[in-house]
Engineer: 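Could you have a look at this structure, given as structure tokens, before my questions?
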Amino acid sequence: MLEAKFPGEIERASANSLSSQLCASRTPAIVVADVASINNILADSIHSAESKGISIGVVPFEPRYTESLWRLIGRSVAVAQSESVIGLYSSRGLRYDYREPEHAPPGRFIRLSRKFDDKGRRLPSDASYQITSYDFTALAVITEGRQTYCLIGMGCLHPTISEPEIGRLAPSDIKAKHWLIQSCHSPFMWPELGSYLTVPLSIALTSDAETVICSTHVQTYIPNLLNVFVEQLSRGCAMGDILRTLNNHAASEGVDHRPFLLLGNPESNAIAPAPSAVQIPALARPSLSQTKVRTKLVRRLIANVEFLFDEGHFGFDMKDNYLFEFRRDMAWLPRLDMRTLSNFLGSTEDVGVFLDGIRPPNVTVPLIRATGHLSRAFERQGGFYRVGEQLDENYSATGASQTKDRCVVCGEHLIQRRLDYFGQSPSEEYATRSIKLCPRCLVVEHASPIHRASTQLRAERALDEMLITLSYTNNSPEPQWVFVFAFLSDPNNISRSTAPQAYKDLLRTIKFRRGQERPRSLEPGQTYNFSFRTGPIPTEFWYLLIEVNLLVDFCWNWYSFTYRAKQIEGWLSDPRYRPTLPPRNEN
């Protein structure tokens, strides 16, 4: 039974009849309840009425804190937007949990964050210090902890204990009129703790708070929570309406049916409604199709990055600095919680902007820089003859045949092999590979058929140089992240792995040894163009391999072009060479 120990005239209701009584009045209501009566039954009854559009607040009554009763029952005096001070904090970082609005509402925003030095000591700029330095109109906190405390920066918010010198805060240390606090706690009392206040009840009863929106049970991550709260707050919405909006938002995200409860008067306003001439733009919501595109894109990127991470696929030297940096820079992506994608409303038309927007705050390297590290890792490994051999060990060949296609360098008919990945491939883009070999120029390409069909190649040879051009068109219905890099390899058929010093010495004699275009996002139908000119090749060179690498959403495609001295042509045209070729496929 719900009982209230309120010294005055009130309409009493039982837990069973509360919902029907609230719905019958159809007006905003305040439920005054003994702290011991604030439980799941009460929360369910209130939510049932709220689902009918009624704004309801709960005012906890505790004899030790009777002065808090009138503070919570009374309606707040709203401040003008320009005078508002809103504090935001997320234990995961605001860069991850809060999207800066396109049109920032007037007022002051205090972005609190965790700050510590190399020895793990909190700095004066840490949230646990900063949070006591302001008089907040509203304070929104997404944090972690237990029923008896929660963490803010390097500090601990405890219901009653205040010891700032060791990082402990009590609600009375923080000046905030209106709170949103989500963590692994609720206002429900634990019988085994006796009269020990929970964090939300302590905020309501012992601080100067006028309203508190708090979690009702163990924290569930709710995408875009801070943005929805700030938007509603800046519009001047009443706290009861904000509560219902937050609960509806959580339900629409498929997260929770009633994660929040309001302690205080539901008709209170933190900020005065904006004049009609000044409108706060509504928060854009992603459509279902947008969310599906993002999810499919990120899943493909995750699968391809995981394929690159696998030591058994490319045989990378795991001690290579560039590969280490790439693995470190992109390790967050495979660990991404896919349920959080709807929190990020930026357009997926630019993959780089989108991924950098969802990158955790502790990862500072942008996507463009990470791709640069990967390109250097491929080059450092020694080119295709190191990487390709290791990769092919994971594929089974399905035969070879001569095709009608001709080598862009020498004009010879190409031999084609199709490879199927015999492991459990994490990405359809790596599931099959198409290898085309020029029997005169050796290997010329090793690519995903999905991407090869959208790639145009051209090689032009002058007396002492070669010009390579590549064009890739995004023929898929979704955006793609594309970048191309090229480098010289195997001068005079010397392998980097067998004669590293001679390999380096020969390459130093060529001016242009490497080329790379800035990676970018392609919308459907857009084309990425790349060109690489070797520059003068010394006369003592009779062989040089130009390797061009195309990565699409981190799926690797490789193409090679050979510069050969003229004296080799005689041997390649010898009649004894022809019978070594496989039969030609006329289909």
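Source: prediction; values computed, not measured.
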Engineer: Report yes if some heavy atom in the side chain of L180 is under 4.5 Å from a heavy atom in the side chain of Q182; otherwise report no.
Structural biologist: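 No; the side chains remain at least 4.5 Å from each other.
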Engineer: What do you reckon, are the aromatic ring centroids of F485 and F530 less than 6.0 Å apart?
Structural biologist: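 Between F530 and F485, which both carry aromatic rings, the centre distance is not below 6.0 Å.
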Engineer: Please enumerate all residues that pass side chain to side chain donor-acceptor pair (under 3.5 Å) together with R369, with sequence neighbours excluded.
Structural biologist: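 Listed in chain order: nothing, the list is empty.
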Engineer: Ring-plane angle category for H446 and W556, please: parallel below 30°, perpendicular beyond 60°, tilted otherwise.
Structural biologist: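 Ring orientation of H446 relative to W556: tilted.
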Engineer: Using side chain to side chain donor-acceptor pair (under 3.5 Å) as the criterion, list what pairs up with R458, not counting sequence neighbours.
Structural biologist: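 Partners of R458 by the side chain to side chain donor-acceptor pair (under 3.5 Å) criterion, ordered by chain and then number, come out as E460.
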Engineer: Would D505 and Q501 satisfy side-chain hydrogen bond (donor to acceptor under 3.5 Å, both in side chains), going step by step from the backbone distance to the final call?
Structural biologist: CA-CA 6 Å; D505 291 342; Q501 192 56 48; 3.0 Å; yes
Engineer: Quick one: do H249 and N224 satisfy side-chain hydrogen bond (donor to acceptor under 3.5 Å, both in side chains)? Show the steps, please.
Structural biologist: CA-CA 9 Å; H249 171 70; N224 214 33; 5.0 Å; no
Engineer: In sequence, state the C-alpha distance, the side-chain angles, and the governing distance for E325 and R376, and then conclude on salt bridge (charged side-chain N to carboxylate O under 4.0 Å, His left out).
Structural biologist: CA-CA 10 Å; E325 289 173 347; R376 290 290 185 178; over 6 Å; no
Engineer: Tell me yes or no: between the side chains of Y322 and E379, is some donor less than 3.5 Å from an acceptor?
Structural biologist: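 E379 and Y322 do not have a side-chain donor-acceptor pair below 3.5 Å.
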Engineer: Are any non-hydrogen side-chain atoms of L139 and I131 less than 4.5 angstrom apart?
Structural biologist: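 Counting from C-beta outward, L139 and I131 do come under 4.5 Å.
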Engineer: Under 3.5 Å, is there a donor-acceptor pair between the side chain of T534 and the main chain of M466?
Structural biologist: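 Yes, because the side chain of T534 sits within donor-acceptor range (under 3.5 Å) of the backbone of M466.
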Engineer: Under the 6.0 Å and 45° cation-pi test, does R122 pair with Y129?
Structural biologist: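 Yes.
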Engineer: Can you find a heavy atom in the side chain of F354 that is under 4.5 Å from one in the side chain of L367?
Structural biologist: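 Counting from C-beta outward, F354 and L367 never come under 4.5 Å.
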Engineer: Do D420 and S396 meet the criterion of a side-chain donor-acceptor pair at a distance under 3.5 Å?
Structural biologist: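 No, because no side-chain N or O of D420 sits under 3.5 Å from a partner of the opposite role on S396.
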Engineer: Testing the 3.5 Å rule here: is there a donor-acceptor pair between the side chains of Q416 and T403?
Structural biologist: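 No donor-acceptor contact under 3.5 Å links the two side chains.
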Engineer: After noting the C-alpha distance and the side-chain angles of N475 and T473, does the key distance pass the side-chain hydrogen bond (donor to acceptor under 3.5 Å, both in side chains) rule?
Structural biologist: CA-CA 6 Å; N475 290 318; T473 301; 5.3 Å; no
Engineer: Would you check if I152 and L112 make a side-chain contact, meaning some heavy-atom pair closer than 4.5 Å?
Structural biologist: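 No, every pair of side-chain atoms sits at 4.5 Å or beyond.
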Engineer: Kindly confirm or rule out a cation-pi arrangement of R433 over Y421, judged by NZ or CZ under 6.0 Å from the six-membered ring centre and within 45° of its axis?
Structural biologist: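 No, R433 and Y421 do not form such a contact.
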Engineer: Does a side-chain heavy-atom distance below 4.5 Å link D97 with L225?
Structural biologist: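 Side-chain contact under 4.5 Å: no.
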Engineer: Do T371 and W481 come close enough that some side-chain heavy atom pair is under 4.5 Å?
Structural biologist: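 Sidechains of W481 and T371: in contact.
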Engineer: Less than 6.0 Å separating the ring centroids of F554 and F307?
Structural biologist: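 Aromatic pair excluded; centres sit 6.0 Å or further apart.
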